[in-house]
Amino acid sequence: MTMSSRLTDITEADIAAERERNPGVFGAPLGERLYAWMAWGGTTALTGYCLYRFGFLSGDFLHGVSKFGDTVVGQMFPPEGYENLPIFLKAIGETVAMAFLGTLLGAFWALPLSFLASKNMMRSRPVQFGTRRFADLLRSFDYLIWALIFVRAVGLGPLAGIMAIAIVETGTFIKLYSEAIENLDRKQIDGVTSLGGNWMHRIWFGVLPQVLPMMLSNTLYMFEHNVRSASILGIVGAGGIGFLLGDRLRAYELREACLIIILIIITVYAIDYLSKFLREQLIGDHKRREPIDDAVQI
Amino acid sequence: MTGAPSRAGTGGVAARFEAQYAQYRRQKRIYAATFGTIFVACLIASIVTTKFSLWTLLDGVPRATEFLARMLPPLHWNSFSEDFSAWYWNAGDWFHSLLNTLLMAYLATILGTLIGGAISFFAARNLAQNFAVYWIARRILEIARTVPDIVWALLFVFAFGIGPVAGILAITVHTLGAQGKLFAEVNENISPLPIDGLRSAGGNWFHEMRFGVLPQVLPNYLSYTFWRFELNVRSATIVGFVGAGGIGHDLFTAVQLLYFADVGAILLMIVATIMAIDMLSEKIRHGVIGKASFSH
């Protein structure tokens, strides 16, 4: 037996011989390694340059860190302003209502458009492609950008926030709904057609029963997400709790701002649980597929 | 005599079916009525709270369309280049802001991922060494990502002044919360066999993490990081609204001063950048995932 069964009996020569025979097992080829090193090196160099460019390496940054510790964190706790709690809670209600109406309007507009955007429902390729790109365009601006524009168009208040959410959600729902429609089972539609159904019947009895649970689940999920978005839209004047938060922060009332932040966190968690509960009750989808990742900020 | 009981039997089955079906329908109707009522109640409550009115909305439509129309100045075919350069009169400053925005998103992604990644090893149930550390790590990540990045930006502007540093830190904090949670989930789904192997060969905790865990999780980490970069570019365009640097500052000023053409020009730059970054990142992401599935 030349092969030893004990680890200590393996000599350097054995290892070298083995390396000679199977180079791929011991390491990646030189080209691949060089490529990886260049990628890591480039990333590190660019990071270093950014740190230098934005002044992270100067004394100002350390000064800011200590200032953040002393004056910001130090002045936030303990939270104060409990006498204003009714006003805050009313604003929280307004925030949730904004998210609700915005999501609903978005779903309402997206439902017909999503049929135009699905390959299996829309024969005309340019219309299908155009609707998809239109949806991408609506989604690519953040809620706050739309809110800023709508505050100018319809004035300060929750209406601007509702419109901002509705516009972004129209884009998101066109994408989500049309994906659900494209994944449906053709046989049920064929069944309706074979019984002499027209296109209305095909959609009502063949398409909607299949896609509705998925659509409802996605809509609830986006509502949950929109409560988070709605809580900050007020910072640019679009109503809700964010308006009070921005106001308190700009007036340096950090303790009251802290109370508002805590209220926002509680609301977000409560809505998350409620929506999760509803999704499971209504649709029973315990293993729900996450909706498109690029629409949802975790 | 022989047929009667069997007919009665089928009759019984049919009757039972009818009864159950009727009950099922009744239950469905009750469900639908309950949820319908709750839904309508929520709708009415929302409309009342936000004072939503279709008239105000319709009133705003002409103003909104005028706003949109004025964002695109007249561009004539035979004087296109002059018109275009007149529209982008401030292109130098805007491109500088846009570059800053991208670099802010880049730096925040790197810093947030490094910190979040480090915390994720303590926030994974199978890797954390004791429950207290696990619990604290989870709460830190939760707070970091539940507070919106624009709120972090407002807070950091107090300490670091107006400028990109506040924005970078705000996005970093949000990123570390999100990445830490996602990475911890990746860590929880790994195979324990390589770790057992390292432990049996006398490796310490660091060896286990570096040689047992990291090779398994790195492809997923990279994929999440590219995706996070896409999201952070979007965030970096808005933190400027509260003075935290980037193109958002130019946009905010243009909207406040009602320079409609400038608003249009900046929005066009933002949307072109975001679409380009998304496409590029998606390509790289698929490349990374392709490699990951290839190596298994």
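The analysis underlying the following values was restricted to heavy atoms, covering all of them including side chains, and did not include hydrogens, waters or symmetry mates. In what follows, chains are A, B, ... by sequence order, proteins preceding strands, each numbered from 1.
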- If you draw a 6.0 Å radius around CD1 in B/Ile162, do more than 12 non-hydrogen atoms from other residues or ligands fall strictly inside? no
- Query: Can you check whether A/Leu101 reaches B/Leu43 side chain to side chain, under 4.5 Å on heavy atoms?
  - Reply: yes
- Task: Please say whether more than 12 non-hydrogen atoms of neighbouring residues, nucleotides or ligands are located less than 6.0 Å from OH in B/Tyr259.
- Result: no
- dist A/Ile262:CD1 -> B/Thr146:OG1 (nearest 0.5 Å) comes out at 12.5 Å
- Counting only heavy atoms closer than 4.5 Å, note whether B/Met104 contacts chain A via side chain, backbone, both or neither. both
- Query: Nearest 0.5 Å, what's the OG-CD1 distance between A/Ser229 and B/Ile150?
  - Reply: 12.0 Å
- Message: Using a 6.0 Å cut-off, check whether atom OH of A/Tyr52 has over 12 heavy atoms from anything other than its own residue.
- Response: no
- Task: Identify the two heavy atoms, one from A/Phe61 and one from B/Phe160, that lie closest to each other, and give their separation to 0.1 Å.
- Result: O-CE2, 3.4 Å
- Counting heavy-atom pairs under 4.5 Å with chain A, the top scorer among B/Ile274, B/Leu251, B/Ile238, B/Thr237 is B/Ile238
- Query: About how many Å separate CG of A/Leu104 and CZ of B/Phe39, when rounded to the nearest 0.5 Å?
  - Reply: 4.5 Å
- Message: Counting heavy-atom pairs closer than 4.5 Å to chain A, which one of B/Thr50, B/Leu154, B/Val242, B/Thr65 comes out on top?
- Response: B/Thr50
- Task: Please flag which part of B/Leu155 lies under 4.5 Å from any non-hydrogen atom of chain A: side chain, backbone, both or neither.
- Result: both
- Note on the structure: Shortest non-hydrogen pair, A/Leu105 vs B/Phe52, comes out as CD1-CZ, 4.1 Å
- B/Asn100, B/Val151, B/Leu258, B/Val263: which one forms the most heavy-atom pairs within less than 4.5 Å of chain A? B/Asn100
- Note: vs chain A, highest number of non-hydrogen pairs under 4.5 angstrom among B/Ile168, B/Val147, B/Ile143, B/Leu111 is B/Ile168
- Message: Is there a side-chain contact between A/Phe100 and B/Ile47 in this structure, where contact means two heavy atoms from C-beta onward sitting under 4.5 Å apart?
- Response: no
- Note on the structure: Answer key: most heavy-atom pairs under 4.5 Å with chain B among A/Ile162, A/Ile261, A/Ile264 is A/Ile162
- By a 4.5 Å heavy-atom criterion (distance strictly below it), what part of A/Leu159 contacts chain B: side chain, backbone, both, or neither? side chain
- Query: Which of parallel (below 30°), tilted (30 to 60°) and perpendicular (above 60°) describes A/Tyr252 and B/Phe158?
  - Reply: perpendicular
- Select one option (side chain, backbone, both, neither) describing which atoms of B/Gln256 are under 4.5 Å from chain A's heavy atoms. both
- Given a strict heavy-atom distance threshold of 4.5 Å, which part of B/Ile110 is in contact with chain A: side chain, backbone, both, or neither? side chain
- Would you check if A/Ile235 and B/Phe241 make a side-chain contact, meaning some heavy-atom pair closer than 4.5 Å? no
- Report the option among A/Leu51, A/Val154, A/Thr95, A/Leu144 that has the most heavy-atom pairs separated by less than 4.5 Å from atoms of chain B. A/Leu144
- Correct closest heavy-atom pair for B/Leu103 and A/Tyr49 would be CD1-CE2, 4.2 Å
- Item | Under 4.5 Å from any heavy atom of chain A - which part of B/Leu169 | side chain
- Task: Give the member of A/Lys90, A/Met98, A/Arg53 that has the highest number of heavy-atom pairs under 4.5 Å with chain B.
- Result: A/Arg53
- Query: Measuring heavy-atom distances to chain A, does B/Val48 have an atom under 4.5 Å in its side chain, in its backbone, in both, or in neither?
  - Reply: neither
- Query: Going from CZ on A/Phe141 to CG on B/Leu267, what distance comes out if it is rounded to the nearest 0.5 angstrom?
  - Reply: 4.5 Å
- Task: Report the option among A/Thr43, A/Val268, A/Leu137, A/Val236 that has the most heavy-atom pairs separated by less than 4.5 Å from atoms of chain B.
- Result: A/Thr43
- Task: Please determine, among A/Arg250, A/Met163, A/Arg152, the option with the most heavy-atom pairs under 4.5 Å with chain B.
- Result: A/Arg152
- Query: Do you know which of A/Val96, A/Ile149, A/Asp70 has the most heavy-atom pairs under 4.5 Å to chain B?
  - Reply: A/Ile149
